[in-house]
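I have placed the structure first, in the form of structure tokens, so that the comments after it can refer back to it.
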Amino acid sequence: MAEELSAADAAARVGAVDTLGIPLGPGQPGAFLETLGERDDWEELRIYGALLLVWTPLFQHPRVHYLSGFFGPIERALRDQDANISFVPADFRRFAPLLEEQSPRVMCTAAAPPNAEGWCSLSLHAGGTLGELRRAAEDPAR
């Protein structure tokens, strides 16, 4: 069975120089992203995702670059505040191939607690990130 970590313990495993993949809006792990936003030691963190639903100082840090596949209200506000954000248009079918191209070392998603057999639900958004979640889980360096 996988190890259970608090948001703070999980955030501590992300390096100051690293790559992170996040799912579309409803699958984003809010507490984890907020905890990453409390850190100020970033040297070069690259994040790929889309349609942010979590407003956190993480995306305003000058050494954090966010590549978004969909500009929602938070992405537009970050752009207007001169955050380090780029846009690559991606409909749902293109989200997974673009994420795979980024090959983030760290993948994250929201999930329900596991049942007795260890299975958990990724709920509203598994499709666009499932392949990269599996590849990250299979690779000890990721």
Side-chain angles (χ1 to χ4, degrees), residues 1-115 118-142:
M1 169 108 0
E3 181 180 0
E4 186 174 327
L5 302 172
S6 68
D9 290 338
R13 292 189 176 189
V14 178
V17 175
D18 220 330
T19 53
L20 172 65
I22 63 175
L24 297 166
Q28 295 166 2
F32 176 69
L33 293 174
E34 289 171 358
T35 303
L36 288 174
E38 295 170 5
R39 289 179 51 181
D40 194 33
D41 63 334
W42 305 115
E43 294 175 32
E44 185 181 352
L45 178 62
R46 299 188 61 79
I47 303 171
Y48 178 71
L51 188 59
L52 285 176
L53 294 185
V54 179
W55 183 265
T56 168
L58 173 67
F59 298 102
Q60 294 170 302
H61 192 285
R63 293 200 177 108
V64 172
H65 179 256
Y66 175 49
L67 177 61
S68 179
F70 182 86
F71 262 33
I74 295 177
E75 284 89 351
R76 289 190 295 275
L78 289 168
R79 177 204 57 208
D80 294 347
Q81 295 175 5
D82 294 322
N84 189 357
I85 183 170
S86 299
F87 176 55
V88 58
D91 58 20
F92 187 76
R93 291 179 302 157
R94 288 188 29 141
F95 187 79
L98 287 168
L99 180 62
E100 184 177 344
E101 185 178 299
Q102 301 304 310
S103 188
R105 187 188 77 83
V106 178
M107 285 295 299
C108 65
T109 192
N115 66 14
W119 291 95
C120 59
S121 171
L122 299 181
S123 186
L124 298 174
H125 183 72
T129 57
L130 189 57
E132 206 55 29
L133 283 166
R134 285 182 174 149
R135 281 186 282 283
E138 293 167 356
D139 182 348
R142 291 179 71 186

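Numbering starts at 1 and runs along the sequence shown. FYI, side chains are in, hydrogens and waters are out, and symmetry mates aren't considered; it's all heavy atoms of this structure.
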* **Side chain proximity check, Thr19 to Gln102, heavy atoms < 4.5 angstrom** => no
* Partners of Phe71 by ring pair (Phe, Tyr, Trp, His ring centres under 6.0 Å), sequence neighbours excluded? -> Phe87
* Asked: Taking only residues two or more places apart in sequence, or in another chain, which ones meet Gln81 in a side-chain hydrogen bond (donor to acceptor under 3.5 Å, both in side chains)?
  -> Gln60
* **Among Leu130, Leu99, Leu20, the one residue meeting side chain to side chain contact (heavy atoms under 4.5 Å, CB included) with Met107** => Leu99
* Any residue meeting side chain to side chain contact (heavy atoms under 4.5 Å, CB included) with Val88, in chain and number order, not counting sequence neighbours -> Tyr48, Leu67, Arg94, Leu98
* **Exercise: identify the closest heavy-atom pair between Pro23 and Cys108** => CD-O, 3.1 Å
* **Heavy-atom side-chain contact between Val64 and Leu36 under 4.5 Å** => no
* Candidates Asn84, Ile22, Leu45 - the one meeting side chain to side chain contact (heavy atoms under 4.5 Å, CB included) with Tyr66 -> Ile22
* **side-chain hydrogen bond (donor to acceptor under 3.5 Å, both in side chains) involving Asp82 - partner list, sequence neighbours excluded** => none
Could you give the side-chain donor-acceptor pairs of residues 49-57 under 3.5 Å, partners two or more places apart or in another chain?
from  : atom 1 : to    : atom 2 : distance (Å)
Thr56 : OG1    : Leu33 : O      : 3.4
Thr56 : OG1    : Leu58 : N      : 3.3

* Which residue pairs pass the salt bridge (Lys or Arg N to Asp or Glu O under 4.0 Å) test when at least one of the two sits in residues 12-33, sequence neighbours left out? -> Glu3-Arg13, Asp18-Arg105
* Check side-chain hydrogen bond (donor to acceptor under 3.5 Å, both in side chains) between Arg76 and all other residues, then give those that pass, not counting sequence neighbours. => none
* Could you give all pairs that pass the salt bridge (Lys or Arg N to Asp or Glu O under 4.0 Å) test and reach residues 133-142, with sequence neighbours left out? -> Glu100-Arg135, Glu132-Arg135, Glu132-Arg142
* Asked: Does the pair Phe32 and Val14 meet the rule for a side-chain contact (heavy atoms from CB on, under 4.5 Å), with working shown?
  -> CA-CA 11 Å; Phe32 176 69; Val14 178; 3.9 Å; yes
* Who passes side-chain hydrogen bond (donor to acceptor under 3.5 Å, both in side chains) against Ser6, sequence neighbours left out? -> Asp9
* Just grab all the side chain to side chain donor-acceptor pair (under 3.5 Å) pairs involving residues 23-39, residues at least two apart or on different chains. => Arg39-Asp41
